[in-house]
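Only this structure's heavy atoms are used, side chains among them; waters, hydrogens and symmetry mates stay out. The structure displayed is predicted, hence computed values, not measured ones.
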Amino acid sequence: MMPDPLELLDVAKAAAAAGAAVLSGRNSATLDVSNKGEAGDWVTAFDLAAENAVRDVIAAARPRDTITGEENGTTLPEDPSGCRWSIDPLDGTTNFIRNIVYYATSVAVVDSDGAWLAGVVNAPALGRVYYAARGHGAWLEQQGNLTRLSGPVTGRTGQILATGFSYDPDVRAEQALLLGGLMDGFADVRRLGSAALDLCMVADGTHDAFGERGLNEHDFSAGALIAEEAGCWVRRPRLTSPLDGGPSDDERLAAWTCAGSIEFSGRFPLD
C-alpha cells in the first residue's frame with residue numbers, strides 16, 4: 001500500500017525546516033570549508049550539520065525508511081519500508097560560502113517503484129519554502145502567504161533559460177559550446193548556482209525553462225517534483241540508484257535534467 005503523500009510531506013517539511021534552521025545560523029567564522037575533489041565543489045561544517053538534522057527528523061518519524069544523502073551516503077534499516085529519502089542538506093554551497101542568497105535544503109521521498117511522493121526545498125535566506133505532494137499540486141510559502149504554483153506563462157516575451165555548469169573544465173567547455181544553441185529563442189540566461197531552486201523557480205514562473213547536465217539525484221529530487229506538480233514538463237535523468245552505488249561520472253555527466261512549459265519539451269538534448 002502506497003504511503004499517503006501528504007503524511008510524507010509533513011515529515012519532509014519538518015526535516016527540511018531542521019536543515020534550513022542550521023543554515024540560518026551561517027557564520028563566516030565557523031564555515032570550516034574544504035574541497036571534495038573538483039575545484040569549486042565545496043563542503044562546509046554547515047552541510048554536515050544540516051544533513052544530520054534532516055536525518056534525525058526522518059529517522060524519528062519514519063524509522064523503517066531508507067535515507068540517502070549527499071554527505072553521509074546511505075542508511076539502510078533492518079526492515080526497509082520501501083520508501084527512500086533523498087537529501088541535499090545545502091544545495092548551493094558556493095553561494096552559501098560567499099553569502100549569496102540562492103541556497104536551500106532539499107528533501108524528497110521516493111517509493112519502491114520509483115515514484116516521487118513528496119518534496120520540499122527550504123531556502124532560508126530567501127524566506128521561501130517550496131513543496132509538493134504527488135497529486136496535490138505545488139506550493140510556495142513566503143512571508144505568511146501560501147501560493148499555488150502553476151509554472152511559467154507560455155509564449156511570453158523575453159523568456160529566460162536557467163542552467164548550470166560543471167566543475168570539470170572539459171565538460172564546462174562542452175557546455176559553453178552548446179549554450180548558444182540552447183539559448184535559441186530565449187532572451188537571456190541565468191545561472192544562480194542551485195539546481196533545486198532553479199527547478200522551483202520554473203514552478204513559480206520566474207524562469208521559463210531549466211536545463212542542466214551532470215546533476216546528481218539529490219540535486220533534482222525535490223525540485224523536479226515541485227515543477228511537475230506545478231504542471232510543468234519535466235525530464236529527470238535515468239541514473240543508477242544510490243542503492244546500487246549511484247551513477248558513474250560518465251553516466252551522470254551525460255544526463256540532462258530539464259523543466260519548463262510544454263513548448264520546451266523538444267528543446268534539450270536527449271540523455
(request) Using modelled atom types only, decide if a donor and an acceptor are shared between the side chain of Asp111 and the backbone of Asp113 within a distance under 3.5 Å. (result) yes

(request) Look up atom OG in Ser194 and atom CD1 in Ile100, then write down how far apart they are to the nearest 0.5 Å. (result) 12.0 Å

(request) Examine distances only and state if a side-chain atom of Glu71 and a backbone atom of Pro89 form a donor-acceptor pair shorter than 3.5 Å. (result) no

(request) Begin from the C-alpha positions of Trp139 and Leu149 and carry the test side chain to side chain contact (heavy atoms under 4.5 Å, CB included) through to its verdict. (result) CA-CA 5 Å; Trp139 302 84; Leu149 305 180; 5.6 Å; no

(request) Taking the side chain as every heavy atom from C-beta outward, state whether Thr74 and Leu243 have any atom pair closer than 4.5 Å. (result) yes

(message) Taking Leu23 as the starting point, is it possible to reach Val101 by hopping between hydrophobic residues whose side chains are less than 4.5 Å apart?
(response) no

(request) Following the transitive rule for hydrophobic clusters with a side-chain heavy-atom cut-off under 4.5 Å over Ile, Leu, Val, Met, Phe, Trp and Tyr, establish whether Leu215 and Leu178 coincide in one cluster. (result) no

(request) Report yes or no: does Arg252 contribute a side-chain atom to a donor-acceptor pair with the main-chain N or O of Asn216 at less than 3.5 Å? (result) no

(message) Can you tell whether the side chains of Asp10 and Lys13 come within less than 4.0 Å, N to carboxylate O?
(response) no

(message) For Tyr102, is there any backbone N or O sitting under 3.5 Å from a side-chain donor or acceptor partner on Asn95?
(response) yes

(message) Is the distance from the ring center of Phe46 to that of Tyr103 below 6.0 Å?
(response) no

(message) Measuring from atom CG of Asp208 to atom OG1 of Thr206, what distance do you get when rounded to the nearest 0.5 angstrom?
(response) 9.5 Å

(message) Under the side-chain contact (heavy atoms from CB on, under 4.5 Å) test against Val107, which residue among Asp88, Ile67, Ile58 passes?
(response) Ile58

(message) Donor-acceptor check, side chain of Glu229 to backbone of Gly137, threshold 3.5 angstrom: yes or no?
(response) yes

(message) For Arg98, is the CZ atom crowded, meaning more than 12 foreign heavy atoms sit under 6.0 Å from it?
(response) no

(request) Report whether Leu225 and Leu6 are members of the same hydrophobic cluster (ILVMFWY, side-chain heavy atoms less than 4.5 Å apart, transitive linking). (result) no

(message) I'd like to check Leu90 versus Glu70 (side-chain heavy atoms, cut-off strictly below 4.5 Å). Are they in contact?
(response) no

(request) Look at the side chain of Thr68 and the backbone N and O of Trp85, then say whether any donor-acceptor pair between them is shorter than 3.5 Å. (result) yes

(request) Identify whether the distance between the nearest side-chain nitrogen and carboxylate oxygen of Arg134 and Glu228 falls below 4.0 Å. (result) yes

(message) Given 3.5 Å as the limit, does a donor-acceptor pair link the side chain of Asp91 with the main chain of Asp219, or not?
(response) no

(message) Would a single hydrophobic cluster contain both Val202 and Ile262, if residues Ile, Leu, Val, Met, Phe, Trp and Tyr are joined by side-chain heavy-atom contacts under 4.5 Å?
(response) no

(message) Could you check whether Glu217 pairs with Arg236 (Lys NZ or Arg NE/NH1/NH2 to Asp/Glu carboxylate O, under 4.0 Å)?
(response) no

(message) Counting C-beta onward and ignoring hydrogens, is there a side-chain heavy-atom pair between Ser81 and Arg62 closer than 4.5 Å?
(response) yes

(request) Could you tell me whether the side chain of Arg128 and the main chain of Gln142 form a donor-acceptor pair under 3.5 Å? (result) no

(message) I want to check something: taking the side chain as every heavy atom from C-beta on, are Pro124 and Arg26 in contact at a cut-off of under 4.5 Å?
(response) no

(request) State the CZ-OG distance between Arg84 and Ser241, to the nearest 0.5 angstrom. (result) 4.5 Å

(message) Regarding Arg172 and Asp170, does a basic nitrogen lie under 4.0 Å from an acidic carboxylate oxygen?
(response) no

(message) Applying salt bridge (charged side-chain N to carboxylate O under 4.0 Å, His left out) to Glu174 and Arg213, what does each step give before you reach the verdict?
(response) CA-CA 11 Å; Glu174 292 177 23; Arg213 126 187 202 206; 3.2 Å; yes

(message) Do Val11 and Val54 sit in one hydrophobic cluster, given that two such residues count as connected whenever their side-chain heavy atoms are within less than 4.5 Å of each other, even indirectly?
(response) yes

(request) Output yes when a side-chain donor or acceptor of Asp184 lies under 3.5 Å from a complementary backbone atom of Gly181, and no otherwise. (result) no

(request) With the side chain counted from C-beta on, respond yes when Phe264 and Cys258 share a heavy-atom pair under 4.5 Å apart, and no when they do not. (result) no

(message) Quiz question: by atom type and distance under 3.5 Å, do the side chains of Thr163 and Glu212 form a donor-acceptor pair?
(response) no

